[in-house]
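Note that the coordinates shown come from a computational prediction; the quantities given were computed from them, not determined experimentally.
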2 protein chains.
Amino acid sequence: MTVTRGERKERTRRAILDAALTLCEDSSLVALSLRQVAKEVGIVPTAFYRHFDSIEDLGLALVDESFVSLRAMLLDVRRSDPAFDDTIDSSIDILVDHVRRQHQHFQFIVRERGAGPVSVRTAINREIELCQQELATDLARLPGTADWSPEDLRILSALIVTAMVATAEAIVRSPDSPEVEKQIVEDARVQLRMVLIGALNWRSRT
Amino acid sequence: MTVTRGERKERTRRAILDAALTLCEDSSLVALSLRQVAKEVGIVPTAFYRHFDSIEDLGLALVDESFVSLRAMLLDVRRSDPAFDDTIDSSIDILVDHVRRQHQHFQFIVRERGAGPVSVRTAINREIELCQQELATDLARLPGTADWSPEDLRILSALIVTAMVATAEAIVRSPDSPEVEKQIVEDARVQLRMVLIGALNWRSRT
DNA sequence: CCTAGCAGTGGACATGTGTGCACCGTCACG
DNA sequence: CGTGACGGTGCACACATGTCCACTGCTAGG
């Protein structure tokens, strides 16, 4: 009795999630069949239903899981606080490191955000919007944004999130040669700097 | 003999392309079956092969077609040239108008860029990179970028293209209520202004 | 005119798919 | 100590899918 009943269940649940993640590496949820997953896990197709109602349901679970780890990362970013110009570099480093470690999760999110069952798509986009809002409140705490309108803060953070998502996409898509990756990271740094310089000169000119 | 043989062929070819585009509105190429397309068009499954080798082949044709019209749009943008601050607004207007008109094409590209067969994905991304390069040479002609390095030009144009793609995504994804769309457009304007202000203050500070 | 070529047909086949049902063995709890 | 709940099995069914093949009818070109 070293392993309880619930542990066993959780273990095959994990196996299903991992199998789905792996199979999604070069396809998409909508092209993923229950039977493929079952075969990959090593269970019989109908056993799948003991854990999820449908592939779509599985997808929602994967979205949750992915964003749990992503939010953990964002906490790290926020902890690395307020020494200004260094914040950009360290934030990007954390982002890139996380993308590398959670490669499958990011690949999944990036892919299913556009394709994927409607419920999954909306879940992902809702989550990303949430990230934008949090970033906006963070930005509000920064020096120099005192007189910004909430609207402008929202728009700025949307722009930054878009750029970061694009960076994550690029890393996930690229072959993981260290030089290509270094290039992508460097580009992201420069882009963020450009955006922030634009932000610093914003209210003062318009 | 009012319609020639070749015209008939071209006509059902178009019908296939349109059917695929329509069916892709709420799924993805990888989840699209030859038989669905055939049924939608009203031909027998095997007749499909008279026009395309496979669904993947069909996808590549759709990519070509989509970017032909997109490049036509970019020509319009370039024609609207060099009165500075107005360029942003008119460019975005053209973009938005085109997205609305070529709704299916954009939806297709946005979706298959992340999901979709590998060949389709790479074709799309190659095409987008091309757009970035063209934008970079356009930017080089603008006043104030005389002393910019080619690297920085490339990075700036990548940022702008990313933001524009994100805008197109948002429009395609949103319900087409005019107010929501107006909001998206307004956000895009502000973002572009922020980026350009950052660009104008770029070399002068680093 | 008539014949070869070609878009489109119709049926068939092997294989993959979601899901219903009866069943089994074992851990957990009263 | 039992017994019931539950994770997992095995089989079955009704369909969907990609592709092969022999075919038909029209039309464009010699």
Side-chain angles (χ1 to χ4, degrees), chain A residues 1-62 65 112 115-120, chain B residues 1-62 65 112 115-120:
Chain A
M1 199 202 280
T2 108
V3 291
T4 158
R5 202 173 180 77
E7 282 173 328
R8 284 217 172 277
K9 175 159 187 178
E10 181 56 28
R11 196 171 303 176
T12 81
R13 189 189 140 95
R14 261 256 62 83
I16 292 179
L17 291 168
D18 289 342
L21 240 18
T22 300
L23 291 175
C24 275
E25 273 178 13
D26 38 25
S27 185
S28 158
L29 252 200
V30 293
L32 189 59
S33 81
L34 191 156
R35 285 178 118 102
Q36 285 177 54
V37 181
K39 180 171 291 183
E40 176 88 5
V41 175
I43 59 177
V44 89
T46 44
F48 176 91
Y49 292 114
R50 301 287 181 199
H51 303 271
F52 301 98
D53 285 348
S54 61
I55 291 285
E56 192 167 328
D57 192 24
L58 205 194
L60 291 176
L62 285 174
E65 183 173 87
E112 305 308 325
V118 224
S119 62
V120 173
Chain B
M1 198 203 278
T2 110
V3 291
T4 158
R5 201 174 182 74
E7 281 174 329
R8 284 220 171 275
K9 175 160 188 178
E10 181 55 28
R11 196 173 301 177
T12 82
R13 189 188 139 97
R14 261 257 60 81
I16 293 178
L17 291 168
D18 287 343
L21 239 18
T22 299
L23 291 175
C24 274
E25 271 178 15
D26 39 24
S27 186
S28 157
L29 252 199
V30 293
L32 189 60
S33 81
L34 191 153
R35 285 179 116 103
Q36 284 178 54
V37 180
K39 179 170 294 180
E40 177 88 4
V41 176
I43 59 176
V44 90
T46 44
F48 176 91
Y49 292 114
R50 300 284 180 199
H51 303 271
F52 301 99
D53 286 347
S54 61
I55 291 284
E56 192 167 327
D57 193 24
L58 205 193
L60 291 176
L62 285 175
E65 183 173 87
E112 304 310 325
V118 226
S119 62
V120 174

message: Once you apply a heavy-atom cut-off of 4.0 Å, does T46(B) come out as touching a base, just sugar-phosphate, or nothing?
response: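 Base, at least one base atom sits under 4.0 Å.
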Can you tell me the distance, in whole Å, between the [atom1] atom of [X] and the [atom2] atom of [N]?
{"X": "L34(A)", "N": "dG20(C)", "atom1": "CG", "atom2": "C1'", "answer": "13 Å"}
{"X": "D53(B)", "N": "dG18(D)", "atom1": "CG", "atom2": "P", "answer": "14 Å"}
{"X": "R5(B)", "N": "dG8(C)", "atom1": "CZ", "atom2": "P", "answer": "9 Å"}
{"X": "K39(B)", "N": "dA16(D)", "atom1": "NZ", "atom2": "P", "answer": "6 Å"}
{"X": "Q36(A)", "N": "dG16(C)", "atom1": "CD", "atom2": "P", "answer": "10 Å"}
{"X": "R13(A)", "N": "dG8(D)", "atom1": "CZ", "atom2": "P", "answer": "13 Å"}
{"X": "E7(B)", "N": "dT27(D)", "atom1": "CD", "atom2": "P", "answer": "13 Å"}
{"X": "F52(A)", "N": "dG8(D)", "atom1": "CZ", "atom2": "P", "answer": "12 Å"}

- prompt: So with a 6.0 Å cut-off around CZ of R14(B), is the heavy-atom count from everything else above 12?
  reply: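 Enclosed: over 12 neighbouring heavy atoms sit under 6.0 Å from CZ of R14(B).
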Minimal non-hydrogen separation, A20(A) against L62(A), with atom names: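 So the minimum-distance heavy-atom pair works out to CB-CD1, 4.1 Å.
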- prompt: Among dG7(D), dA7(C), dA28(C), which nucleotide sits nearest the side chain of R50(B)?
  reply: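 Nearest listed nucleotide: dA7(C).
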- request: State which of dT17(D), dG10(D), dT9(C) makes the closest approach to the side chain of V44(A).
  value: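 My answer, after comparing the listed nucleotides, is dG10(D).
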task: Report yes if the side chains of H51(A) and V41(A) come closer than 4.5 Å at any heavy-atom pair, otherwise no.
output: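 No - every pair of side-chain heavy atoms lies 4.5 Å or more apart.
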message: It should be established whether S33(A) places a side-chain nitrogen or oxygen under 4.0 Å from OP1 or OP2 of nucleotide dG16(C).
response: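 Looking at the OP1 and OP2 atoms of dG16(C), neither is under 4.0 Å from any side-chain N or O of S33(A).
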N/O donor-acceptor pair under 3.5 Å between S33(B) side chain and Q36(B) backbone: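 Answer holds: yes.
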- prompt: Is the backbone of L29(A) close enough, under 3.5 Å, to the side chain of E112(A) for a donor and an acceptor to pair up by distance?
  reply: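 Checking the backbone N and O of L29(A) against the side chain of E112(A), a donor-acceptor pair under 3.5 Å is found.
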- prompt: If you find the nucleotide of DNA chain D closest to Y49(B) and the one closest to G6(B), which residue's nucleotide is nearer the 5' end?
  reply: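 Here Y49(B) is the residue nearer the 5' end.
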- prompt: Which sits closer to the 5' end of DNA chain D, S54(B) or R8(B), going by the nucleotide each is nearest to?
  reply: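 Residue closer to the 5' terminus by nearest nucleotide: S54(B).
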